[in-house]
Amino acid sequence: MVYEPDFLRVAPGDTIRFVATTPGHNARTIAGLAPNGAVEIKTALGETADVVAATPGIYGIKCSPHYAMGMVMMIAVGEEADPGAVVLPEGLPRRAGERLEEIIAENRK
């Protein structure tokens with residue numbers, strides 16, 4: 001139950017392709033973990049989808065059915081986006097919070 005890769009750095013306006021390798025997975029923005037004014041990322045279960053990352057900042061992404069199992073990733077949009085500056089929202093599932101902390105530690109500027 002992982003995204004591969006679990007961290008991406010892209011430029012504003014880049015297209016990100018979420019490839020569903022098995023049914024039952026999706027990609028969705030984690031509430032409270034996206035830039036202000038950003039359009040929510042939300043793909044359908046089991047479908048490959050392209051998403052344009054327009055607003056600079058850090059996005060937390062979850063697989064809705066497997067969020068509690070820690071199936072999360074981060075996307076940094078823009079060179080200035082620093083995962084190390086992220087404050088994780090309250091109430092994350094334990095395993096998701098642990099994975100996000102690991103991703104932050106591995107990718108802070």
Worksheet entry | Option passing side-chain contact (heavy atoms from CB on, under 4.5 Å) with I16 (candidates V77, I75, V52) | I75
Item to complete: Could you pull out the closest heavy-atom pair between G57 and P35, with the gap in Å?
Response: CA-CG, 3.7 Å
Worksheet item: Donor-acceptor pair, D14 side chain versus V10 backbone, under 3.5 Å?
Response: no
Worksheet item: Should R17 and V19 count as side-chain neighbours, where that means a heavy-atom distance under 4.5 Å?
Response: yes
Fill in: Exercise: identify the closest heavy-atom pair between V2 and M71
O-CE, 3.7 Å
Worksheet item: Can you list every pair that meets side chain to side chain donor-acceptor pair (under 3.5 Å) and has a residue in residues 33-48, with sequence neighbours left out?
Response: R28-E40
Practice prompt. Determine, using the 4.5 Å side-chain heavy-atom cutoff (strictly less than), whether I58 and I104 are members of one ILVMFWY cluster.
Written response: yes
Item to complete: Would you mind checking if R99 and D6 are paired as a salt bridge, meaning a charged N to carboxylate O distance below 4.0 Å?
Response: yes
Fill in: Cluster check F18, M69: I/L/V/M/F/W/Y, side chain < 4.5 angstrom
yes
Discussion item. Let me check something: do M1 and L100 share a hydrophobic cluster, defined by ILVMFWY side-chain heavy atoms less than 4.5 Å apart, either directly or through other members?
Written reply: no
Discussion item. Quick check: closest heavy atoms across C63 and G24, and the distance to 0.1 Å?
Written reply: SG-O, 4.1 Å
Fill in: Residues which pass side chain to side chain contact (heavy atoms under 4.5 Å, CB included) with R9, listed by chain and number, not counting sequence neighbours
F7, A76, E79, A81, P83, K109
Response to the item:
Residues A27 and I61: closest non-hydrogen pair is CB-CG2, 3.8 Å
Response to the item:
Heavy-atom nearest pair, L33 first then T29, reads O-CG2, 4.1 Å
Worksheet entry | For P93 against A68, the heavy-atom pair lying closest together | CB-CA, 3.7 Å
Item to complete: Can you measure from CD1 (I30) to CG (L92) and round to the nearest 0.5 angstrom?
Response: 6.5 Å
Worksheet item: Given M74, which of L8, V86, N107 fulfils the side-chain contact (heavy atoms from CB on, under 4.5 Å) condition?
Response: V86
Worksheet item: Can you list every side chain to side chain donor-acceptor pair (under 3.5 Å) pair that touches residues 51-70, not counting sequence neighbours?
Response: H25-H66, N26-S64
